[in-house]
Amino acid sequence: MNNYLATHVATLPPSGIRKFFDLVATMKDVISLGVGEPDFVTPWTVRESGIFSLEEGQTMYTSNAGLFELRDELSHHLNKTLNLSYDPHHEILITSGASEAVDLVMRAVLGPGDVVLVPDPSYVSYAPCAILAGASVSYVPTYAKENFRMRVEDLARAYTPKAKLLVLSYPNNPTGAIMNREDLLPIADFVNEHDLLVLADDIYSDLTYDETHVSFASLPGMRDRTLFVSGFSKSYAMTGWRIGYVAGHADLIQGMTKIHQYTMLCAPIMGQFAAIEALRSANEAKNDMVTAYDRRRRLMVHGFRQMGLDCFEPLGAFYVFPDISKTKLSSEEFAEQLLIEEKVAVVPGTAFGPSGEGHIRCSYAYSMEQLQEALKRISHFVERRLTNL
């Protein structure tokens, strides 16, 4: 029946992450460092709020835009934490996870012939969402020697007059890179000069370690050019609740809401009530999670460097992106052979774009015991490869 599929769907490659999860499902005693999901459970006060909403019979649709109480709470939260000002009536849309928000942005502003500028490497969904919206992708390479930060000269080389949207995803998945104000200002000048819109995926904005996150939308003149995407999955360990949001100029939000109302209608109501409680009472729990991630981050970087592999020190999110090129294996070969020989699952860097070759992504959203055992197994694997060269 493949001949009935639309060409752009039939030719769309499956996620490079999911391939390895399918293999893991057939094996026993595997330690998986592949999932970008907190190993913490949602804080109790947040869970209790969701439970209470069910007990109160809150099982109906909300408005397409989401509960006003949540949008109002988010408006205050963004103003307080990131110096961003959005009208909760017209400039914030609650979505079914940040992933839906990314899809809505792409479908609302892109069409055939448009080009999206995507940092490379970056989250696996950006390019497919652009293609499904009828657009094409131009990758902006980033490099370990530049701390995986986007440079304006690389952006200029990737630019085409058909470019309409730039994706900025910092802290970055898979590298853990961040961009500070000084890094972002030249990008903002370029965006303004070339009349671009920006999708700023700030889903990991609360998970930074040495520097405070700076939102691109907070830069001079960038608020109305930027669609700010975030959610509750990473910061509050709420992946299964599927609550995200997008904030931006009212005209753009109105366009996204039209698509949203014909597809998702609204985000789950009990998840929205839980998100309100997360903003009000779960910040201490969030900070405790960040502290735990910071310890794990240092363990992972030290572990890979001890193996003799170069490893960029992530300053945000919860991933490390070590360079495995010394083993003379491709990213795909390394991940496959490591899984078979040592029963550790990692994601090949190429799942995140062409520049990911020579790297693997390892999530450290796992217990210290699991990470220590995984590092021991990976070390054995790497030692055998380096010895046999």
Side-chain angles (χ1 to χ4, degrees), residues 35-82 84-105 107-108 201-207 227-248 250 252-289:
V35 182
E37 179 174 40
D39 64 322
F40 300 98
V41 296
T42 306
W44 168 243
T45 57
V46 179
R47 284 179 279 150
E48 188 175 44
S49 179
I51 293 167
F52 183 69
S53 73
L54 290 171
E55 292 176 339
E56 288 289 293
Q58 300 284 5
T59 58
M60 64 289 292
Y61 296 131
T62 70
S63 72
N64 296 133
L67 291 170
F68 179 77
E69 188 178 2
L70 175 54
R71 287 180 279 138
D72 192 48
E73 199 72 39
L74 277 169
S75 178
H76 292 296
H77 173 76
L78 292 173
N79 187 265
K80 180 181 178 181
T81 59
L82 294 172
L84 297 174
S85 178
Y86 293 106
D87 176 3
H89 292 277
H90 307 294
E91 296 185 320
I92 299 176
L93 171 63
I94 308 302
T95 60
S96 294
S99 294
E100 192 212 352
V102 169
D103 183 48
L104 287 176
V105 171
R107 286 201 280 166
D201 186 349
D202 284 33
I203 189 67
Y204 293 101
S205 62
D206 288 327
L207 304 182
L227 288 156
F228 175 95
V229 169
S230 193
F232 293 79
S233 292
K234 312 301 183 179
S235 301
Y236 297 100
M238 293 177 65
T239 51
W241 296 83
R242 307 315 302 138
I243 302 296
Y245 60 93
V246 54
L252 299 174
I253 295 299
Q254 182 183 32
M256 281 178 272
T257 303
K258 285 193 287 188
I259 302 169
H260 177 72
Q261 70 186 4
Y262 286 124
T263 53
M264 297 305 297
L265 281 74
C266 65
I269 186 172
M270 60 287 295
Q272 294 190 55
F273 278 114
I276 293 168
E277 185 61 31
L279 292 170
R280 291 175 176 171
S281 71
N283 285 319
E284 183 176 350
K286 176 181 68 178
N287 292 337
D288 289 343
M289 285 187 264

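Every heavy atom of this structure was used, including side-chain atoms; hydrogens, water molecules and symmetry mates were not.
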For a side-chain contact (heavy atoms from CB on, under 4.5 Å) check, start with the C-alpha distance between Val102 and Asp201, then their side-chain angles and the critical distance, and finish with the verdict. CA-CA 8 Å; Val102 169; Asp201 186 349; 4.2 Å; yes
Looking only at non-hydrogen atoms, find the nearest pair between [X] and [Y] and report the distance.
X: Leu70; Y: Ala275; value: CD1-CB, 3.9 Å
X: Asp206; Y: Ser235; value: OD2-OG, 3.0 Å
X: Ser230; Y: Ala98; value: O-CB, 3.6 Å
X: Lys234; Y: Gly36; value: NZ-O, 2.5 Å
X: Ala101; Y: Val246; value: CB-CB, 4.1 Å
X: Glu91; Y: Tyr86; value: OE1-CA, 3.5 Å

What residues, two or more places apart in sequence or in another chain, satisfy side-chain hydrogen bond (donor to acceptor under 3.5 Å, both in side chains) together with Glu69? Arg280
Listed partners of Thr62 passing side-chain hydrogen bond (donor to acceptor under 3.5 Å, both in side chains), at least two apart: Gln272
Interatomic distance, [X] atom [atom1] to [Y] atom [atom2] [nearest 0.5 angstrom]:
X: Glu277; Y: Tyr236; atom1: CD; atom2: OH; value: 11.0 Å
X: Asp103; Y: Arg107; atom1: CG; atom2: CZ; value: 4.5 Å
X: Asn287; Y: Met289; atom1: CG; atom2: CE; value: 9.0 Å
X: Ser99; Y: Leu104; atom1: OG; atom2: CG; value: 11.0 Å
X: Ile92; Y: Ile253; atom1: CD1; atom2: CD1; value: 8.5 Å
X: Ile276; Y: Arg71; atom1: CD1; atom2: CZ; value: 10.5 Å

More than 12 heavy atoms of other residues, nucleotides or ligands under 6.0 Å from CZ of Phe52: yes or no? no
Any non-hydrogen side-chain atom of [X] less than 4.5 Å from a side-chain atom of [Y]?
X: Tyr245; Y: Leu78; answer: yes
X: Phe273; Y: Val46; answer: no
X: Leu82; Y: Phe228; answer: yes
X: Leu74; Y: Pro88; answer: no
X: Arg242; Y: Ser233; answer: yes
X: Glu48; Y: Ser281; answer: no

Carefully, step by step, assess Thr95 and Met256 under the rule side-chain contact (heavy atoms from CB on, under 4.5 Å). CA-CA 10 Å; Thr95 60; Met256 281 178 272; over 6 Å; no
Step-by-step side-chain contact (heavy atoms from CB on, under 4.5 Å) determination, Arg47 to Trp241: CA-CA 10 Å; Arg47 284 179 279 150; Trp241 296 83; 4.1 Å; yes
I'd like to know whether Leu54 forms a side-chain contact (heavy atoms from CB on, under 4.5 Å) with Thr59, so could you lay out the CA-CA distance, the side-chain angles of the two residues, the decisive distance to 0.1 Å, and finally the verdict. CA-CA 7 Å; Leu54 290 171; Thr59 58; 4.0 Å; yes
Short question: side chain of [X], backbone of [Y] - any donor-acceptor pair under 3.5 Å?
X: Ser53; Y: Gly50; answer: yes
X: Lys258; Y: Ala108; answer: no
X: Asn79; Y: Ser75; answer: no

May I have the list of side-chain donor-acceptor pairs in residues 263-270 shorter than 3.5 Å, sequence neighbours left out?
residue, atom, partner, partner atom, Å
Thr263, OG1, Ile259, O, 2.8
Thr263, OG1, His260, O, 3.4

